[in-house]
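Order of the sequence lines fixes the chain letters, A, B, ..., with proteins taken first and strands second; residue numbering starts at 1 for each chain.
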Amino acid sequence: MIAADPHSPLMSINFREALNEEQYAAVTAEPGPALVLAGAGSGKTRTLTYRVAYLLSQGLNPWEILLLTFTNKAAKEMLARVENLTGIPAYKFWGGTFHHIGQKILRQHGEAIGLSKAFTIIDQSDAENLLSDVIRNHNPGFLKNKDNPKAKLIANIFSYARNTLTPLSELLDERYPYFDFISDELEIFFKKYQERKAKEQVLDYDDLLEKLLKLLQQEPAIAALYQERFKHVLVDEYQDTNRLQASIVDLLGSHHRIMAVGDDAQCIYTWRGADHQNIMSFPDRHPGAIIYKIETNYRSTPNILALANDVLTFQSEESGYNKTLKATRSTGPSPYFVPILDTRQQAQFILKRISGLYQEGVALSDIAILYRAHHHSMDLQMELSRQNLSYQITSGVRFFEQAHIRDLVAQLRFLHNPNDTTAFVRFSSLLPKVGPKTAEKLLTLANKLAEENQTTVFKALDNEAVLKKVPELAKEHWTDLAYTLQDAAENLDKLSPQEIVRILIEAWYGDFLKTLFTNWSAREDDLQSLLGFAGRYQDMGELLAQLVLLNSETSDRSVDMAEDALRLTTIHQAKGLEFKVVFVIGLAEKQFPIRRAIEEGNIDEELRLFYVAVTRAQDELYLLSPKMTLHGASPELLQPSRFVTGLSPESYEVLHVNKPSW
DNA sequence: AGTCGAGTTCTTTTT
DNA sequence: GAACTCGACT
């Protein structure tokens, strides 16, 4: 018993002293359904971490607590803080994203619903490619016809239907009436897509949730196992859960010892199926639920909070739970509204202001520039590089999404799950004169030969009959590749995943890389990082799952983390973070709110996003609104964002910038 | 039939 | 920049 140990750091935590009244009430809540409405900057993470510590101090074991988060980053931070507070190492907890937990449980018990032990996970772009292929197989002309939606959009529709537990036909009727003429065909594509994944034994992101729910629903014995194990279920960012996730939570926490923590004003993922209703109807689904409101804000100056509260007042009324953030800090400078000529001057203004702040002693890492969409930061990035100011950008191509990483991961996937045709096609299509069609044909042939000769598909790859069909130009590489795969496959169970990765890097791909990319040397470094990453895992299935699920872990190639650097990030990715000084750029109609949201009448979510943006600021907040954008060759005039014009004038101060000083 | 290269268009947000 | 399209080449 952990709590009985008098030396445990748990015993020395003074909950009363460490928490305010509101937080204390939530942290020490009696077992039972609880909805914690924690406003921005109110110490939400602190509350959750202390809740975990409190439960432990009541005698619970770490593995009896399930901690669900929305992003990997949040999971990592939360567990680190729990470890810090309680001294109990993070790995002892069941904590992570829904997808992560899904993966973990399915790897244990997936066979009960017909999953292979060796299933591999495909990421979004793999899934889109797979769907394109399915569509082309069924109707080769479909994607060529300009009247038809692109595979990417179709994939989004499918995903949305699955995440919201809506039958596809219903979703199409309601949201896509203009695709009525192909709805039957889309249904067929969906069915074929599902079949194809089953055949290849691959799961997409949605499967990790869907199959988990299915497992829990269809196998009561297994469900009971987890229901009994997890004495308490804690959910972070509950406002951003979708119906599929909420069903999982309700099932895993059928004992109603669920604590859902969230802020409905910060729901910014409806496009991914996040459902406001989850948080609004929580008390109905869990009778006796107690609502805890935490509204005391420790982050921002009263000036910034006044503006934030002002933002919430023009939210349309249906958005339930009313809340007003209460300030604890003393007054600071007023938030600034900065109308500015164009995006270039916007960049120059920021740089000038930053150098001023820097001289005042503000560290670069305390300054963030937030934007709605990645490309809004282009000018700024150029200007920053020109002035040699170091910045850290959480965006763009993620480390694990780079072509060369994916090529190597595809080889690992194929080794682990030889049914994963998609993976094979990916790396073998790299060879000259080999495209998707040829790759698939060759693999089918190899599979056939392997069966006839009672050997593995890896051995069959350089069978003479296969080699005869390999295009002349690709022959040499093909033999290299086949040999590498054989070598790796033979050692798959004997060596660690890291050693397998090493074999792959040092054999075919390492050489081939040099013919593929001009900057192969930098990419070689990335592969070395991958090798290092692989060292953390003992099991190939686990490594592969993490590679796909952790794809937000960005490359640290460009910036050394310890270095003092400016932070550039989308608002979505800034959620949960705080900075002394925040610049929100591109506050113009069609940029923020973005055009699409205006056209689709989806302004509420943009507004919540704006709310998230302004509540990141601790001391200073700058709202920048360019009057013009240089989109391609033709400049476009912009109106100031309705979010700014809608604010009451006393909540900000206008800063006029006449002309740049250089 | 399938692959390759040149040219064109467009960019929301994440697991 | 990357993803996509189109036409030419094998």
Side-chain angles (χ1 to χ4, degrees), chain A residues 68-75 96-103 121-129 132 136 140 143-146 150-152 156 159-160 162-163 203-210 237 240-242 244-245 267-274 370-378 381 394-398 400-403 429-442 469 471-474 545-554 569-575 586 590-600 602 605-606 608-609 612-613 629 631-633:
Chain A
L68 290 164
T69 62
F70 196 66
T71 62
N72 291 303
K73 203 169 65 184
T97 61
F98 284 86
H99 295 85
H100 180 96
I101 298 296
Q103 179 269 136
I121 304 169
I122 58 176
D123 68 14
Q124 186 172 315
S125 69
D126 288 329
E128 282 162 16
N129 290 336
S132 305
R136 268 194 298 269
L143 292 172
K144 297 214 168 100
N145 185 339
K146 292 236 176 354
K150 301 222 174 66
K152 202 173 172 168
N156 279 335
S159 177
Y160 190 87
R162 298 166 72 193
N163 278 290
L203 301 189
D204 62 19
Y205 283 142
D206 301 332
D207 281 321
L208 294 175
L209 308 179
E210 236 174 18
E237 306 282 12
D240 280 324
T241 55
N242 57 44
L244 184 51
Q245 291 166 324
C267 172
I268 53 176
Y269 284 95
T270 54
W271 49 275
R272 232 175 91 183
L370 309 184
Y371 36 83
R372 176 66 244 260
H374 285 310
H375 65 270
H376 293 154
S377 69
M378 285 311 177
Q381 285 188 53
T394 37
S395 79
V397 189
R398 297 185 182 85
F400 292 127
E401 280 177 8
Q402 299 177 92
S429 307
L430 295 168
L431 304 186
K433 300 291 159 193
V434 179
K437 298 288 171 196
T438 315
E440 210 174 328
K441 252 184 233 159
L442 291 166
K469 302 259 167 142
E472 204 53 46
L473 273 168
Q546 294 309 320
L547 283 171
V548 183
L549 293 175
L550 280 183
N551 70 2
S552 63
E553 210 159 290
T554 39
T569 165
T570 62
I571 300 165
H572 279 92
Q573 290 183 44
K575 190 157 101 164
K590 296 186 191 172
Q591 287 202 356
F592 191 8
I594 55 162
R595 198 178 63 234
R596 216 168 133 156
I598 300 173
E599 283 164 1
E600 291 173 3
N602 205 356
E605 176 134 332
E606 297 288 304
R608 292 195 294 265
L609 206 49
V612 170
T629 177
H631 201 265

*A/S429 side chain N/O closer than 4.0 Å to the phosphate oxygens (OP1, OP2) of B/dT3?*
no

*B/dT3 C1' sits how many Å from A/L430 CG, rounded?*
14 Å

*Starting at atom CG of A/L473, determine the distance to atom C1' of B/dC4, rounded to an integer number of angstrom.*
12 Å

*What's the CZ-C1' distance between A/F70 and B/dT13, to the nearest Å?*
10 Å

*Return the 5'-most residue of the pair A/G435, A/E605 with respect to DNA chain B, ranking by each residue's nearest nucleotide.*
A/G435

*asked:* Among B/dT14, B/dG2, B/dT11, which nucleotide has an atom closest to any side-chain atom of A/R595?
replied: B/dT11

*For A/H376, enumerate each residue passing the ring-ring contact (aromatic ring centres under 6.0 Å, His included) test, keeping only those at least two apart in sequence or located in another chain.*
none

*For A/I594 and B/dC10, what is the distance between atoms CD1 and C1' respectively, to the nearest whole Å?*
14 Å

*Hey, could you give me the CG/NE2 distance between A/L209 and A/H99, rounded to the nearest 0.5 Å?*
4.0 Å

*Using atom CH2 of A/W271 as one end and atom C1' of B/dT13 as the other, report the distance to the nearest whole Å.*
4 Å

_On DNA chain B, does the nearest nucleotide to A/P436 precede the nearest nucleotide to A/R596 from the 5' side, or the other way round? Give the residue._
A/P436

Between the protein and nucleotides 5-7 of chain C, list the N/O to N/O atom pairs that are separated by less than 3.5 angstrom.
| unit_1 | atom_1 | unit_2 | atom_2 | d |
| --- | --- | --- | --- | --- |
| C/dC6 | OP1 | A/K146 | NZ | 2.9 |

*Is the ring of A/Y269 stacked on the base of B/dT13, with centres less than 5.5 Å apart and planes under 30° off?*
no

*asked:* Just checking A/Y371 against A/F592, ring centres under 6.0 Å apart?
replied: no

*Which of these nucleotides, B/dC4, B/dT14, B/dT3, is closest to any side-chain atom of A/P432?*
B/dC4

_For the residue pair A/K575 and A/F70, would you count it as a cation-pi contact if the rule is NZ or CZ under 6.0 angstrom from the ring centre and within 45 degrees of the ring axis?_
yes

*Could you state the NZ-P distance from A/K73 to B/dT13, rounded to the nearest angstrom?*
14 Å

*With no hydrogens and no angle check, do the side chains of A/Q381 and A/S377 hold a donor and an acceptor under 3.5 Å apart?*
yes

_Rounded to whole Å, please give me the gap between CG in A/N156 and P in B/dT13._
12 Å

*OP1 or OP2 of B/dT13 less than 4.0 angstrom from a side-chain nitrogen or oxygen of A/Q573, does that happen here?*
no

*asked:* Would you say A/N129 and A/S125 are linked by a side-chain donor-acceptor pair, where the criterion is simply a distance under 3.5 Å?
replied: no

*Can you tell me the distance, in whole Å, between the NE2 atom of A/H376 and the P atom of B/dC10?*
16 Å

*Who passes side chain to side chain donor-acceptor pair (under 3.5 Å) against A/T69, sequence neighbours left out?*
none

*Phosphate-side-chain proximity, A/T570 and B/dT14, N/O vs OP1/OP2 below 4.0 Å*: yes

